[in-house]
Amino acid sequence: MASLGENISNVLSRLPEGVRLVAVSKYHPEDAIRQAYDCGQRIFGESHEQELRHKVAALPDDIEWHFIGHLQTNKVKYIAPYIYMVEAVDSLKLLREINKQAARNGRVIRCLLELHIAEEATKYGFSLDECRKMLAEGEWRELGNVAICGLMMMASNTDDEKQIASEFQTAYDFFNEVKAEYFADDDNFKERSWGMSDDYAIAVNHGSTLVRVGSAIFGPRVY
Ligand SMILES: *Cc1c(COP(=O)(O)O)cnc(C)c1O
């Protein structure tokens with residue numbers, strides 16, 4: 001079996017310039033994260049508040065933690081002091097709460113809007129029309145303690161690479177649409193978070209700037 005360091009180098013070698021790796025460490029122990037850290041990895045993705053809380057306390061301060069899972073509004077206050085980016089903002093209500101808790105901590109928290117493009121009914125996120133409507137209504141402009149930095153999505157869980165590619169492209173086209181309409185003068189709005197272990201090689205051909213890779217680095221998760 002390849003070592004964790006080899007797995008990271010292997011993923012990094014397949015990322016074009018300008019695409020960054022979010023190492024998804026959920027369900028993996030602190031020592032695995034430390035190994036990745038010692039190989040130079042600094043961006044980690046987690047999806048459970050309590051698990052993340054313990055890891056943050058035990059691991060170095062210069063890690064950039066990305067919250068990539070569904071975030072309940074009542075959990076926002078716990079991550080607001082330190083979270084680098086909330087990747088899966090799937091409602092205006094959640095964005096408001098992040099703004100409120102960021103203000104309490106004297107911070108501006110980076111956020112990505114999560115799109116629901118995949119076919120699975122269970123996935124969270126805005127449909128394209130819901131996202132258009134939310135942006136058109138404009139309340140987000142008044143939320144001074146969040147910085148909307150781009151979009152995030154997951155492709156369908158399928159072997160059909162054409163479908164996966166077409167979903168990433170849909171997200172990329174939508175990014176360009178909203179960038180032009182709402183964020184043309186906003187340099188923060190530049191991130192496109194798509195691609196996971198099984199499909200990041202496709203995602204980077206469709207505009208990804210952040211890939212969220214877990215099992216290809218850390219091995220299978222133990223649930
Ligand atoms: C778990 C997870 C990943 C990583 O999945 P792998 O298939 O292990 O690479 C990426 N994004 C999100 C939102 C996740 O929940």
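Each residue takes its place number in the sequence, starting with 1. Hydrogens, waters and symmetry mates play no part in the numbers below; they use all other heavy atoms, side chains included. In listed order, ligands and their atoms are each counted from 1.
Ligand 1 does not have E87 within reach: every non-hydrogen atom of the residue lies 4.0 Å or more from it. Heavy-atom separations between V213 and ligand 1 include at least one value shorter than 4.0 Å.
The structure places CZ of F44 at 5.0 Å from CD1 of I63, a figure rounded to the nearest 0.5 Å. Expressed to the nearest 0.5 Å, how far CG of L113 lies from SG of C131 amounts to 5.0 Å.
Of the possible donor and acceptor atoms, none in the side chain of D199 sits under 3.5 Å from a partner among the backbone N and O of I202.
The N/O atoms of K26, backbone and side chain alike, include one that comes under 3.5 Å of an N/O atom in ligand 1. Considering backbone and side-chain atoms alike, G214 places an N or O below 3.5 Å from some N or O of ligand 1. The shortest N or O to N or O distance between S197 and ligand 1 is under 3.5 Å.
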Show me the donor-acceptor pairs within less than 3.5 Å that the side chains of residues 29-37 make with the rest of the protein, sequence neighbours left out.
residue, atom, partner, partner atom, Å
R34, NH2, A58, O, 2.9
Y37, OH, D62, OD1, 2.5
Y37, OH, D62, OD2, 3.1

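Close approach of ligand 1 to M152 is summarised as follows: ligand atoms under 4.0 Å from at least one heavy atom of the residue are 13 (C). Below 4.0 Å from some heavy atom of R212 lie the following atoms of ligand 1, by number and element: 4 (C), 9 (O), 10 (C), 11 (N), 12 (C), 13 (C).
The other members of the hydrophobic cluster of M152, by chain and number, are V22, I43, Y84, M85, L112, L210 (side-chain heavy atoms under 4.5 Å, ILVMFWY only).
The heavy-atom pair separating A88 from G69 by the smallest distance is CB-O, 3.5 Å.
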